[in-house]
Amino acid sequence: MKIIIGSDHAGVSYKKAIVALLESKGINVQDIGPFTENSVHYPEYAHAVAFELLHTDEESLGIVLCGSGNGINMTVNKHQAVRSALCWNAEIASLARQHNDANILSLPARFVSEKEALEIVEAFLAAEFEGGRHATRVDMIPIQDIEIDE
């Protein structure tokens, strides 16, 4: 498995801790940056993570961080095959993988502790997509013409 990770300046310190955790587990990590806390534009890093995720030959997941987690999450979700979930606790992270087949985890660096962020990452990686009725719904996520069942 490969994890592609990127952030804005608000997520740099948590990103370093997450990379260290993943590498301690023997997980291949591609850190897109940034590597300092100098102000940057989160869309640049979000697009880079999404592009790498969608163009890698390995089974991979992504992790993105910004202050609220919202801006970077919105940006990666502009990529058609990305299903990024903004998660602020471990249970939501597990459900994002189990029910929504999320392939990117978005973290709000200014609203969770580093310890919580690491727990959320662990939960996200430990969970697996359940398929079944959830697969039907995930297949409906890409833009398409659908009729609503009443």
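Note that the coordinates shown come from a computational prediction; the quantities given were computed from them, not determined experimentally. The analysis underlying the following values was restricted to heavy atoms, covering all of them including side chains, and did not include hydrogens, waters or symmetry mates. Quick note: residue numbers are just sequence positions, from 1.
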Of all the heavy-atom pairs spanning [X] and [Y], show the shortest one and how long it is.
X	Y	answer
G11	S7	C-OG, 3.7 Å
C66	A10	C-CB, 4.2 Å
Y42	D8	CB-CB, 3.7 Å
S13	E37	CB-OE2, 3.9 Å
A93	F124	O-CD1, 3.8 Å
I92	N89	N-OD1, 2.8 Å

- prompt: Pick from V121, I18, I32, V49: which one makes a side chain to side chain contact (heavy atoms under 4.5 Å, CB included) with I5?
  reply: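 For I5, the side chain to side chain contact (heavy atoms under 4.5 Å, CB included) test succeeds with only one of V121, I18, I32, V49, which is I18.
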- request: Using side chain to side chain contact (heavy atoms under 4.5 Å, CB included) as the criterion, point out the one residue from L95, N100, D101 that pairs with Q98.
  value: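 The side chain to side chain contact (heavy atoms under 4.5 Å, CB included) with Q98 is passed solely by L95 among L95, N100, D101.
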Spell out, yes or no, whether [X] and [Y] are grouped together once hydrophobic residues are joined by side-chain heavy atoms under 4.5 Å, including indirect joins.
X	Y	result
I104	I27	no
V19	I3	yes
L65	L53	no
L107	L21	yes
F111	L118	no

query: Salt bridge check: are K25 and E122 linked by an N-O gap of less than 4.0 Å?
result: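 Result for this pair is yes, salt bridge flagged.
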Say you draw a straight line from [atom1] of [X] to [atom2] of [Y]; how long is it, rounded to the nearest 0.5 Å?
X	Y	atom1	atom2	answer
E44	T75	CD	OG1	10.5 Å
L86	M74	CG	CE	9.0 Å
I63	I4	CD1	CD1	10.5 Å

Side chain of [X], backbone of [Y]: donor and acceptor closer than 3.5 Å?
X	Y	answer
N77	S84	yes
N103	A81	yes
H9	V40	yes
K2	G62	no
E116	S113	yes
T56	E52	no

field: Residues, nucleotides or ligands: over 12 heavy atoms within 6.0 Å of F51 CZ
entry: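 No - once you tally the heavy atoms of other residues, nucleotides and ligands closer than 6.0 Å, there are 12 at most.
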task: Decide if atom NE2 of H134 counts as having more than 12 heavy atoms of other residues, nucleotides or ligands within a radius under 6.0 Å.
output: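 Above 12, so yes.
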Side-chain heavy atoms of [X] within contact of [Y], under 4.5 Å:
X	Y	answer
N73	V64	no
L61	L105	no
R137	H99	no

query: Side chains of E91 and S94: is there a donor and an acceptor less than 3.5 Å apart?
result: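 Result is no, nothing qualifies.
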- request: Check step by step if side chain to side chain contact (heavy atoms under 4.5 Å, CB included) holds for L125 and R97.
  value: CA-CA 8 Å; L125 296 180; R97 293 277 297 136; over 6 Å; no
- prompt: Just checking, K15 and F35: is the charged tip under 6.0 Å from the six-membered ring centre and within 45° of the axis?
  reply: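 Here K15 passes the 6.0 Å and 45° test against F35.
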